[in-house]
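Have a look at the structure below before the remarks.
Here, residue 1 is the first one in the sequence, and each next residue gets the next number.
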Amino acid sequence: DDFFVFDTTRDTNLVIVFPLTAQSEVVAIRQFRYGANTIVLEIPGGASKPGQNLEETLYDELVEETGYRPGQIIPLNTKRCWFDPASMRVKYTPLLAIDCAWEKEPTPDPYEIIEVVKIPYAEWIERIKSGEVEDDKTIAITFLVDLYLGNTYH
């Protein structure tokens, strides 16, 4: 059988961040995704620039895509997770950012079509249950966040 595998040619820190405000709101994005050819409700993330560590990458991506800065950053897993092990040789680090606060207008990359939305955490869980949130990374990281928080935000 022939398999098509995507790979990255550079050593990057890829982060996916679950941002929560002090009011227990998820700072999510509606982003046009070319592979899906539709707008997807998801949490922000991205790849590092040369020389950046995880925290610098998280900060840059979160502020760039949402305009929010993290208060405290919490790793959600001791290992990086596979992005899609069936077809990609790429891993990401799931992170929780709590006490996120507005800093400035977002400045997404020119190819990113993004709308920022704040959703109360309990409503976020309901949107996952209803199928409105379809991004598997977002769903998986929400599960890790729920385990970390011990369901205290419901």
Side-chain angles (χ1 to χ4, degrees), residues 8 12-49 51-85 88 90-154:
T8 182
T12 61
N13 288 313
L14 184 62
V15 300
I16 310 291
V17 57
F18 193 96
L20 270 178
T21 67
Q23 295 75 35
S24 302
E25 296 168 309
V26 179
V27 181
I29 56 176
R30 293 185 193 280
Q31 182 169 0
F32 182 81
R33 288 301 193 177
Y34 294 92
N37 197 31
T38 192
I39 295 171
V40 176
L41 181 60
E42 61 187 6
I43 54 178
S48 63
K49 294 173 182 69
Q52 280 187 322
N53 64 30
L54 284 176
E55 287 192 13
E56 292 166 333
T57 303
L58 174 144
Y59 181 86
D60 281 0
E61 288 298 322
L62 184 59
V63 172
E64 175 187 292
E65 292 185 358
T66 69
Y68 281 77
R69 65 174 159 70
Q72 182 182 357
I73 300 168
I74 301 161
L76 290 169
N77 204 349
T78 57
K79 293 175 64 176
R80 295 187 308 160
C81 300
W82 287 107
F83 204 80
D84 173 9
M88 301 182 84
V90 178
K91 287 185 167 186
Y92 68 90
T93 301
L95 299 165
L96 169 62
I98 58 174
D99 296 329
C100 292
W102 172 258
E103 182 170 287
K104 64 178 190 162
E105 285 296 319
T107 54
D109 292 332
Y111 60 86
E112 293 179 315
I113 302 165
I114 295 175
E115 173 194 4
V116 179
V117 294
K118 291 190 305 183
I119 301 169
Y121 186 79
E123 182 182 331
W124 178 257
I125 297 298
E126 291 306 313
R127 289 184 186 209
I128 288 175
K129 289 178 185 177
S130 74
E132 182 181 347
V133 178
E134 299 176 282
D135 176 61
D136 61 349
K137 298 173 311 306
T138 295
I139 295 167
I141 293 172
T142 299
F143 175 74
L144 292 173
V145 167
D146 217 45
L147 289 173
Y148 177 83
L149 297 175
N151 300 310
T152 59
Y153 280 68
H154 288 267

How long is the straight-line distance from CD1 of Ile74 back to CG of Leu144, given to the nearest 0.5 Å? 12.5 Å
Tyr111: ring-ring contact (aromatic ring centres under 6.0 Å, His included) partners, not counting sequence neighbours: none
Full working for side chain to side chain contact (heavy atoms under 4.5 Å, CB included) between Phe32 and Asn37: CA-CA 7 Å; Phe32 182 81; Asn37 197 31; 3.4 Å; yes
Gap between atom CG of Asp60 and atom CZ of Arg69 - 0.5 Å precision: 14.5 Å
Who are the side-chain hydrogen bond (donor to acceptor under 3.5 Å, both in side chains) partners of Glu61, not counting sequence neighbours? none
To the nearest 0.5 angstrom, please state how far the CD1 atom of Ile119 sits from the OG1 atom of Thr21. 11.5 Å
Pairs touching residues 33-44 that satisfy salt bridge (charged side-chain N to carboxylate O under 4.0 Å, His left out), sequence neighbours left out: Arg33-Glu42
Residues Pro44 and Ile29: closest non-hydrogen pair is CA-CD1, 4.0 Å
In terms of heavy-atom contacts, Tyr121 and Val26 come closest through CD1-CG2, 3.9 Å
Just wondering, do Leu95 and Glu55 contact through their side chains at under 4.5 Å, heavy atoms? no
Looking at residues at least two apart in the chain, or sitting in another chain, which of them share a side-chain hydrogen bond (donor to acceptor under 3.5 Å, both in side chains) with Arg127? Glu123, Glu132
In Å, rounded to the nearest 0.5 Å, how long is the span from CG of Leu76 to CD1 of Ile141? 7.0 Å
Quick one, Val116 and Pro106 - any side-chain contact, counting heavy atoms below 4.5 Å? yes
May I ask you to test the Ile43-Pro19 pair for a side-chain heavy-atom distance under 4.5 Å? yes
How many angstroms lie between NZ in Lys137 and CD1 in Ile16, if you round to the nearest 0.5 Å? 5.5 Å
What's the spacing between Tyr148 OH and Leu96 CG if we round to 0.5 Å? 6.5 Å
Is there a side-chain contact between Ile114 and Gln31, using heavy atoms and a 4.5 Å cut-off? yes
Please give me the minimum heavy-atom distance between Ala47 and Thr57, naming the atom from each residue. C-CG2, 3.7 Å
Name all residues meeting the ring-ring contact (aromatic ring centres under 6.0 Å, His included) criterion together with Phe143; count only those two or more places apart in sequence or in a different chain, and write none if there are none. none
Ignoring hydrogens, what is the shortest heavy-atom contact between Val117 and Arg30? Give both atom names and the distance. CG1-NE, 3.9 Å
Applying salt bridge (charged side-chain N to carboxylate O under 4.0 Å, His left out) to Glu112 and not counting sequence neighbours gives none
Do Tyr59 and Ile73 come close enough that some side-chain heavy atom pair is under 4.5 Å? no
Is the shortest side-chain heavy-atom distance between Trp102 and Lys118 below 4.5 Å? no
Close side-chain approach of Val27 and Phe18, heavy atoms under 4.5 Å: no
Is the shortest heavy-atom distance from the side chain of Leu20 to the side chain of Trp124 under 4.5 Å? no
